[in-house]
Structures are given as structure tokens and as C-alpha cells.
> 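Questions regarding the structure given below will be posed in turn.
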2 protein chains.
Amino acid sequence: MNKLKDDILHLSQDCGNCPIRHRAVCARCDSDELERLDQIKYYRSFEAGQTVIWSGDRMEFVGSVVSGIASLTQTMEDGRTQMVGLLLPSDFVGRPGRESAAYDVVATTDLVMCCFRKKPFEQLMVDTPHVAQRLLEMTLDELDAAREWMLVLGRKTAREKIASLLSIIARRDASLKLQGMQGQLVFDLPLTREAMADYLGLTLETVSRQVSALKRDGVIQLEGKRHITIPDFARLLEEAGDDGDGGIMV
Amino acid sequence: MNKLKDDILHLSQDCGNCPIRHRAVCARCDSDELERLDQIKYYRSFEAGQTVIWSGDRMEFVGSVVSGIASLTQTMEDGRTQMVGLLLPSDFVGRPGRESAAYDVVATTDLVMCCFRKKPFEQLMVDTPHVAQRLLEMTLDELDAAREWMLVLGRKTAREKIASLLSIIARRDASLKLQGMQGQLVFDLPLTREAMADYLGLTLETVSRQVSALKRDGVIQLEGKRHITIPDFARLLEEAGDDGDGGIMV
DNA sequence: CGTAAGGTTGAAGTCTATCAACATTGGTGG
DNA sequence: CCACCAATGTTGATAGACTTCAACCTTACG
């Protein structure tokens with residue numbers, strides 16, 4: 001495992017077999033458009049913990065998360081950090097038209113990205129409405145998620161924040177596995193306590209305490225530090241302060 | 001002033017003279033496209049405090065803020081509320097493709113909106129790339145603003161939050177008046193203490209105390225409750241925890 | 001002039017941060 | 001194979017920031 005993995009993968013992969021084909025920025029493309037994308041794309045993989053892009057760096061590419069999880073974070077001069085985006089498979093990274101990155105992008109787990117060279121991608125945005133339309137749709141979804149997140153950050157208690165985060169992850173995990181929300185949900189947390197704290201505007205100690213409290217109260221079950229079972233999703237939503245179905249639908 | 005102002009204005013207004021012509025969703029339209037927009041548009045005005053749309057209501061229109069300020073807010077069952085958007089002239093309201101409103105939209109000041117009937121506007125999004133392109137650009141800007149706001153909500157102290165909000169309003173006000181950020185800045189707060197609290201995830205008492213503290217420390221000057229003078233903008237940015245130019249650029 | 005809405009200030013209480021010690025886990029090298 | 005180390009996580013005690021509850025002030029308006 002000492003091989004440097006931050007490297008361009010020279011495997012050529014067919015878009016037709018791509019696991020995010022129907023959800024990513026290319027979702028609406030016809031075969032001609034896919035062909036053009038194919039010509040400007042390449043894959044890169046990153047190990048957990050690696051930084052994909054530093055805030056302020058020149059962006060050479062935009063792209064999609066194929067597998068794994070990445071996070072967008074902002075850092076203040078004195079070191080306080082806030083996560084401002086959690087990027088899951090099919091999510092888009094980068095802003096067409098912008099020269100330099102506005103946030104740090106970090107691989108939270110091992111990560112594979114499908115990258116597009118930025119200049120040709122921008123041209124493609126102008127030429128093919130399908131890409132621009134899909135990107136608009138995805139950006140509007142992200143804006144909704146950001147706004148839900150603002151309610152969590154501004155008005156929820158620590159306990160509610162943890163419950164909100166767990167419900168979001170549980171929901172996304174269930175949707176990835178194509179299963180419903182009934183019965184008990186089982187998944188692995190993709191975030192460390194510190195990353196959860198950065199997501200929620202808390203300290204890692206408070207995160208640890210509130211996770212323990214939810215476990216003690218039977219809202220969740222914990223095996224090890226990461227493996228989580230949710231016996232009753234409705235109960236978790238109550239703890240999150242969400243009514244019946246008020247959560248993020250992603 | 002007892003005339004009900006929540007009414008359709010029957011003044012026909014020419015897009016060519018529109019104060020937000022070059023910044024709103026129609027910014028890139030040519031005269032043909034403008035003509036099509038003109039056919040589906042109407043103006044509505046609202047008094048300060050009036051609700052434009054209730055969360056969950058069916059959306060009959062989307063539109064642009066022409067003058068005044070509107071806010072997007074979310075409310076939890078127990079009444080806790082968080083502002084998730086502050087809409088200034090040229091900002092866009094509504095989401096094409098969505099049936100019902102996701103947030104409460106409230107007129108924070110007297111407000112005039114340019115509304116487009118939703119169905120024809122959605123058709124126009126498909127037909128004319130200029131509208132969709134501009135909306136994408138505006139949505140990306142809003143997403144950036146939301147992420148900056150998340151840092152404020154998650155990691156800043158009450159004092160820093162107030163300073164951040166004042167710097168944002170000062171900046172936008174200066175840009176509206178087409179003046180730079182040098183010299184002293186003078187403006188009127190468009191928000192009540194309660195609205196500021198809802199924006200910042202604080203109580204109105206804390207807002208009042210921190211505004212007083214910034215005044216006591218000479219960071220701002222106050223005349224009455226709303227009229228604000230900022231003698232040294234760089235000082236305000238320091239208080240906000242922003243370095244040199246790290247603020248929102250809107 | 002009286003009232004209501006918006007705003008200020010004070011005192012007490014609560015929640016979360018901070019500081020610190022300790023536990024657990026996985027990997028590395030002797 | 002085991003010991004050690006670093007990274008991650010837990011738990012406790014204390015401190016501090018913000019909220020809550022309450023009284024009071026200011027302003028505009030009918």
C-alpha cells in the first residue's frame with residue numbers, strides 16, 4: 001500500500017457502466033454528448049485524509065465524486081474550521097467560470113473522482129444545454145441542503161444536531177442501497193468525531209458525549225466507534241427536531 | 001395608507017428602464033427573449049411585514065426582487081426560526097420545477113417584485129439558454145453566500161456574527177450606491193433586532209447587547225436604532241474575524 | 001394621551017467549550 | 001510476536017458564553 005495513489009488512473013472506463021451515470025452532471029447527456037465528455041475526462045483517486053484542492057489554488061479541473069466521500073471546509077485564521085459541504089457519489093466539485101478554489105476539498109474516505117479539464121468543460125457548458133440544465137438542478141438541490149444545514153447550525157441543540165446528521169447519513173445510505181426507511185437501518189459512519197464536529201459547529205468532545213447519550217437512551221446502537229444501527233428511524237427524527245418528513249430529501 | 005397594497009400593479013413597466021435589468025435573471029436576455037418575458041410578467045408590491053409566500057403553499061409564480069428586501073425563513077414546530085436567505089434587489093425567488101414553496105418568504109421592508117407565471121417561465125428555461133445560464137450563475141453565487149453564512153453560524157462568536165452581518169450589509173449597500181469601501185460608510189439597517197437574531201442564530205437580546213458593545217468600542221456609530229456609521233471598515237472586518245478580503249463578494 | 005411594537009439592560013441559569021486525563025485501536029519495527 | 005506509538009475516541013471537572021426571564025425605556029401613531 002506504499003504506492004502513491006494520488007495519481008491519474010490510466011484505466012479507461014466506459015461511461016455506460018459508470019455507477020453514477022444516472023445521477024451525476026452527465027445524467028441527461030445523450031451518446032454524442034457523452035462522447036465529448038469522454039474525451040476530456042480522466043480519473044483520479046485519493047486516500048482518506050488527502051487534500052484534493054487547497055482553497056485559493058488554481059482549479060485545473062472540475063468533476064464528479066465517483067466513490068467515497070469528500071468534504072468542503074472553510075478555515076479561519078485562528079484555525080476554527082467549518083465544513084460547508086459533504087460530497088457523496090455523483091456530487092459535483094468545482095465551479096465553472098471560477099479561477100481558484102473557494103474551499104479546501106479533502107478526501108474524507110478513500111475517493112475516486114471523474115475529472116473534466118476545466119476549459120473544455122466550460123465550452124461544453126455553453127454548447128450542450130443538457131449539462132448546464134443538470135448542473136442547475138444539482139446546484140439548486142445543494143442550495144436546499146445548505147439551507148437545511150443552516151437551520152441545524154443556527155437553532156438546534158447539540159443533541160438535535162447529532163440526530164440530524166445521523167438521519168441525513170442514514171437516509172443517503174438507504175437511498176444508495178435502494179432500500180426504504182422502514183425496519184432497522186444499519187450503516188457505518190463515514191466521518192470521524194472531529195469531522196462530525198466540523199460539520200455541526202461543535203467540539204469533538206461534545207459530539208462524543210451526545211453520541212454516547214443517544215446510545216444510552218436507545219435512540220441508536222453502536223458497535224465499535226463507527227458501526228451504527230437505528231432501530232426506529234421515526235424516533236431519530238423526533239430527536240432531530242424534524243416533524244414527520246421535514247428532512248432533507250437527497 | 002389604508003389602501004391594500006398586496007395587489008397586482010397595473011402599471012406596465014418597460015424592461016429597458018428596469019433598475020435590475022443588468023443583474024437579475026433576465027440580465028443576458030436579448031430583445032426577443034425580453035419580449036417573451038414581458039408577456040408573462042406582472043408586478044406585485046408588499047408592505048413591510050407581509051408574507052409573500054407560506055412554506056408549503058403552491059407556487060404560482062417565480063420572480064425577481066425589484067426593490068426592497070425579502071427574507072427566506074424556516075421554522076421548527078416549537079417556533080424556533082432561522083433565516084436562510086436575505087433577498088435583495090435583483091435576487092431571484094422560487095425554484096423552477098418545484099410545486100410548493102420550501103420556505104416562508106416575508107417582506108422585510110416594503111417590497112416590489114417582478115413575477116413570472118411559473119409554467120410559461122419553466123418553458124422559457126428550456127427554450128432560451130440565456131435565462132437558464134444566468135439562473136445557474138446566480139444560484140452558484142447564492143450557494144457561496146450560504147456557505148459563508150454557515151461559517152458564521154457554526155463557528156463565530158456573537159460579537160463576530162454581528163460584525164459579519166454589518167459588513168455584509170455595508171458592502172451590499174455600497175455596491176448599490178456604486179461607491180467604494182474607503183472612507184466612512186453610512187447606511188440604515190434594513191432589519192429589526194429580531195430579524196438580525198433570526199439571521200445569526202442568536203436571541204434578540206444578545207443582538208442588542210453586542211450592537212451596544214460595538215458602539216461602545218467605537219467600531220460603529222449609532223444614531224437612533226437603525227442609522228449606522230462605520231468609521232473604519234477594515235476594523236469592522238477584523239471584528240468579524242475576516243482577514244483582509246475574505247468576505248462575501250456580492 | 002395611551003397603547004403597541006421595537007429596543008435596552010440586568011440577574012440568573014443552562015448549555016457547550018475548554019482543559020485534562022485516560023482508553024482503545026491499528027500499525028510499525030525491533 | 002510483542003511492545004510501542006500515534007491517531008482516535010471517551011469521560012470528568014471547570015469555566016464561559018449565550019439564553020432566559022423580567023423590568024423598563026423609546027418611539028410612532030390613532
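As the structure is a prediction and not an experimental result, all values here were calculated from the model. First the proteins, then the strands, lettered A, B, ... as listed; each starts at 1.
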> Roughly how far, to the nearest 0.5 Å, is the OG1 atom of Thr108(B) from the OH atom of Tyr199(B)?
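Rounded to the nearest 0.5 Å, the OH-OG1 separation comes to 11.5 Å.
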> Please work out if Leu204(B) contacts a base, only the sugar-phosphate, or nothing of the nucleic acid, heavy-atom cut-off 4.0 Å.
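Base contact.
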> Tell me, which of residues 150-161 of chain A have any heavy atom that sits under 4.0 Å from an atom in DNA chain D?
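Output list: empty, so none.
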> With sugar-phosphate meaning primed atoms plus P, OP1 and OP2, does Gly49(A) contact a base, only sugar-phosphate, or nothing at under 4.0 Å between heavy atoms?
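It contacts nothing in the nucleic acid.
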> For Glu194(B), I'd like to know if atom CD has over 12 heavy atoms of other residues, nucleotides or ligands within 6.0 Å.
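At most 12 heavy atoms, drawn from other residues, nucleotides or ligands, come within 6.0 Å of this atom.
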> Does Arg80(B) reach the main-chain N or O of Arg155(A) with its side chain, forming a donor-acceptor pair under 3.5 Å?
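Indeed, once roles are kept as given, a pair shorter than 3.5 Å links the two residues.
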> Specify the residue among Arg226(B) and Val207(A) whose closest nucleotide of DNA chain C lies further upstream toward the 5′ end.
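Result of the comparison: Arg226(B).
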> Evaluate whether atom NZ of Lys215(B) has more than 12 neighbouring non-hydrogen atoms of other residues, nucleotides or ligands under 6.0 angstrom away.
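No, the 6.0 Å shell around NZ holds no more than 12 heavy atoms from other groups.
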> Can you tell me how far apart CD (Gln74(B)) and CG (Asp198(B)) are? Round to the nearest 0.5 Å.
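So the CD of Gln74(B) and the CG of Asp198(B) are separated by 12.0 Å.
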> Kindly indicate, with the supporting measurements, whether the criterion side chain to side chain donor-acceptor pair (under 3.5 Å) is fulfilled by Ser167(A) and Ser164(A).
CA-CA 5 Å; Ser167(A) 73; Ser164(A) 298; 5.4 Å; no
> How would you give the extent of chain A contacts on DNA chain D, as first and last nucleotide 5' to 3' within a 4.0 Å heavy-atom cut-off?
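Going 5' to 3' along DNA chain D, contacts run dG9(D) to dA13(D).
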> So, taking the atom named CE in Met150(A) and the one named CH2 in Trp149(B), what distance separates them when rounded to the nearest 0.5 Å?
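Answer rounded to 0.5 Å: 4.0 Å.
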> Take the protein atom CZ of Arg193(A) and the nucleotide atom P of dT24(C), then report the distance between them rounded to whole Å.
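The answer, rounded to whole Å, is 15 Å.
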> Distance-only check: which donor-acceptor pairs under 3.5 Å involve side-chain atoms of residues 224-234 of chain B, not counting sequence neighbours?
| unit_1 | atom_1 | unit_2 | atom_2 | d |
| --- | --- | --- | --- | --- |
| Arg226(B) | NH1 | Leu189(B) | O | 3.1 |
| His227(B) | ND1 | Asp188(B) | OD1 | 2.9 |
| Asp232(B) | OD1 | Ala234(B) | N | 3.1 |
| Asp232(B) | OD1 | Arg235(B) | N | 3.4 |

> What is the distance, to the nearest angstrom, from the CG atom on Leu189(B) to the C1' atom on dG7(C)?
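Between C1' of dG7(C) and CG of Leu189(B): 13 Å.
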> Report the distance from atom CG of Leu200(A) to atom P of dC15(C), rounded to the nearest whole Å.
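Distance check: Leu200(A) CG to dC15(C) P gives 18 Å.
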> Between atom CZ of Arg193(B) and atom CG of Leu202(B), what is the distance when rounded to the nearest 0.5 Å?
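CG of Leu202(B) is found 13.0 Å from CZ of Arg193(B).
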> Write down the distance between CD (Glu205(A)) and C1' (dC22(C)), rounded to a whole number of angstrom.
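Result: 13 Å.
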> Starting from P on dT8(C), measure out to CD on Glu194(B) and report it in whole angstrom.
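Atom CD in Glu194(B) sits about 13 Å away from atom P in dT8(C).
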> Can you give each donor-acceptor pair under 3.5 Å made by side-chain atoms of residues 53-62 of chain A, sequence neighbours left out, with the distance rounded to 0.1 Å?
| unit_1 | atom_1 | unit_2 | atom_2 | d |
| --- | --- | --- | --- | --- |
| Ser55(A) | OG | Ala102(A) | O | 3.3 |
| Arg58(A) | NH1 | Glu99(A) | OE1 | 3.2 |

> Under 4.0 angstrom, heavy atoms only, what part of the nucleic acid is Thr192(B) near: base, sugar-phosphate, or nothing?
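Sugar-phosphate contact only - Thr192(B) comes under 4.0 Å of backbone atoms but never of a base.
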> At a heavy-atom distance below 4.0 Å, what parts of residues 208-223 of chain A sit against DNA chain D?
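Close to the strand are Ser208(A), Arg209(A), Ser212(A).
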> Which heavy atom of Leu86(A) sits nearest to which heavy atom of Ile69(A), and what is that distance?
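Smallest heavy-atom distance, with atoms named: CD1-CG2, 3.8 Å.
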> Report for the helix from dC1(C)-dG30(D) to dG30(C)-dC1(D): angle between first-end and last-end helix axes, five pairs each, rounded to 10 degrees.
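Comparing the first five pairs with the last five, the axes sit 30° apart.
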> If every non-hydrogen atom of Pro190(A) is compared with every non-hydrogen atom of Thr109(A), which pair is closest and at what distance?
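The answer is O-CG2, 3.9 Å.
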